[in-house]
Amino acid sequence: MRGLTRRFRQRGGRLFTPKRWTTALDDADLDVRAGSAVGIIGESGSGKSTLVRLMLGLDVPTGGTVEVAGRAVDARAGARSLHWLRRETGIVFQDPYASLDPRMSVGRIVGEPLWALGIEGDRRARVHEVLTDVGLEPKMADRYPHEFSGGQRQRVALARAIVHRPRLLVGDEPLSALDVTVRAQILELIRELRAAQQLTLVMVSHDIGVVQNLCDEVLVMKDGRIVEEGPTEKVLLAPQVAYTRRLLASIPVIDPPRG
């Protein structure tokens, strides 16, 4: 990504008054190396999700360019022209309750990328295979989202994201809606899938512990700008920017016992 910028026009205002704009992302540059795991951290409204949406061609940038595997991403060109990008990427969203269609069976939800992208082969067998990979039983393909717990739904969402064998997996706060125990299970599952399938990973998270456990590199965002980036251990243990130090200092800790 080079010079990536996204501005939104503010609604309202009086007639004939100048247009007012909000900058969600401002002149961002980022390289994601194949096989790496990159974490994106920052407070709410810092531009993390906007960056990811532009990366995946889900939104149109105001300025700048995006390339995946040397090929330009043109979000204005229409859905069909981005089939190659959908084939290369998968995404897991934050809310497992909202990201799954309640009218569709789990088998249809997980298999949808195979049909949408025209991927040949035994699609039903592939759905059963990937459900097993995420720790669910193949017979669950005939059930519906309301029959699953939150953790199971996020496993379904993860299965949908990898069923077409993408090279890049993006998580947009995929653990924040889960309780602590389930979060640890999904965290370990993502780590195992990344290793087994040699996935490149981009993880957006408010939970710095998640980034520390999963990611080789981290970038810190504030007010639509990338203010610090580098190896995860270096940035989190010896931050160079005051904002990063404040962000790390805001993490709640349990005081050690006295005496």
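Worth knowing before you read on, the calculation uses all heavy atoms, side chains too, and leaves out hydrogens, waters and symmetry mates. Each residue takes its place number in the sequence, starting with 1.
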Problem set entry | Contact check, side chains of Met203 and Pro174, non-hydrogen atoms, under 4.5 Å | yes
For this session: Compare all side-chain heavy atoms of Pro145 with those of Val156 and state whether any distance is below 4.5 angstrom.
Result: no
Going hydrophobic residue to hydrophobic residue with side-chain gaps under 4.5 angstrom, can you get from [X] over to [Y]?
{"X": "Val220", "Y": "Val170", "result": "no"}
{"X": "Ile91", "Y": "Leu189", "result": "no"}
{"X": "Leu187", "Y": "Leu158", "result": "yes"}
{"X": "Met104", "Y": "Val127", "result": "yes"}
{"X": "Ile208", "Y": "Leu237", "result": "no"}

Problem set entry | Of all pairs that satisfy side chain to side chain donor-acceptor pair (under 3.5 Å), the ones with a partner from residues 130-141, not counting sequence neighbours | Glu137-Lys139
Seminar exercise, completed: side chain to side chain donor-acceptor pair (under 3.5 Å) pairs touching residues 227-242, sequence neighbours excluded, are Glu228-Thr244
Measure from the side-chain N and O atoms of [X] to the backbone N and O of [Y], and report whether any donor-acceptor pair falls under 3.5 Å.
{"X": "Gln154", "Y": "Leu175", "answer": "no"}
{"X": "Ser36", "Y": "Val32", "answer": "no"}
{"X": "His164", "Y": "Arg86", "answer": "yes"}
{"X": "Lys48", "Y": "Gly42", "answer": "yes"}
{"X": "Gln152", "Y": "Leu136", "answer": "no"}

Problem set entry | Residues forming a side chain to side chain donor-acceptor pair (under 3.5 Å) with Arg87, sequence neighbours excluded | none
Exercise. Can you name the residues that form a side chain to side chain donor-acceptor pair (under 3.5 Å) with Arg7, not counting sequence neighbours?
Worked result: Thr23
Do you know which of [options] makes side-chain contact (heavy atoms from CB on, under 4.5 Å) with [X]?
{"X": "Val92", "options": "Ile186, Leu169, Ile162, Ile190", "answer": "Leu169"}
{"X": "Leu247", "options": "Val227, Ile41, Leu236", "answer": "Ile41"}
{"X": "Leu54", "options": "Leu51, Val52, Thr50, Leu58", "answer": "Thr50"}

Listed by chain and number, what are the salt bridge (charged side-chain N to carboxylate O under 4.0 Å, His left out) partners of [X], not counting sequence neighbours?
{"X": "Arg123", "result": "none"}
{"X": "Asp59", "result": "Arg6"}
{"X": "Arg183", "result": "Asp207"}
{"X": "Arg103", "result": "Asp101"}

Which heavy atom of [X] sits nearest a heavy atom of [Y], and at what distance?
{"X": "Pro239", "Y": "Leu248", "answer": "CG-CD1, 3.8 Å"}
{"X": "Leu117", "Y": "His83", "answer": "CD2-O, 3.9 Å"}
{"X": "Val182", "Y": "Gly151", "answer": "CG1-CA, 3.3 Å"}
{"X": "His206", "Y": "Ser44", "answer": "NE2-OG, 3.2 Å"}
{"X": "Ala159", "Y": "Leu131", "answer": "CB-CD2, 4.4 Å"}
{"X": "Trp84", "Y": "Val68", "answer": "CZ3-O, 3.8 Å"}

Out of curiosity, [X] [atom1] to [Y] [atom2], how far, rounded to the nearest 0.5 Å?
{"X": "Leu85", "Y": "Leu56", "atom1": "CG", "atom2": "CG", "value": "6.5 Å"}
{"X": "Leu100", "Y": "Ser105", "atom1": "CG", "atom2": "OG", "value": "11.5 Å"}
{"X": "Met55", "Y": "Thr89", "atom1": "CE", "atom2": "OG1", "value": "10.0 Å"}
{"X": "Leu25", "Y": "Met1", "atom1": "CG", "atom2": "CE", "value": "9.5 Å"}
{"X": "Ile40", "Y": "Ser49", "atom1": "CD1", "atom2": "OG", "value": "8.5 Å"}
{"X": "Asp74", "Y": "Thr65", "atom1": "CG", "atom2": "OG1", "value": "11.0 Å"}

Which pairs with one or both residues in [range] pass salt bridge (Lys or Arg N to Asp or Glu O under 4.0 Å), sequence neighbours excluded?
{"range": "residues 147-170", "value": "Glu88-Arg167, Glu129-Arg165, Arg143-Glu147"}
{"range": "residues 185-198", "value": "Glu188-Arg191, Arg194-Asp216"}
{"range": "residues 104-115", "value": "none"}
{"range": "residues 30-44", "value": "Arg2-Asp31, Arg33-Glu217"}

Exercise. Under the criterion salt bridge (charged side-chain N to carboxylate O under 4.0 Å, His left out), which of Asp29, Asp27, Asp26 is the partner of Arg225?
Worked result: Asp26
For this session: Apply side-chain contact (heavy atoms from CB on, under 4.5 Å) to the pair Thr181 and Gln185, showing each step before the final yes or no.
Result: CA-CA 7 Å; Thr181 303; Gln185 295 171 356; 4.0 Å; yes
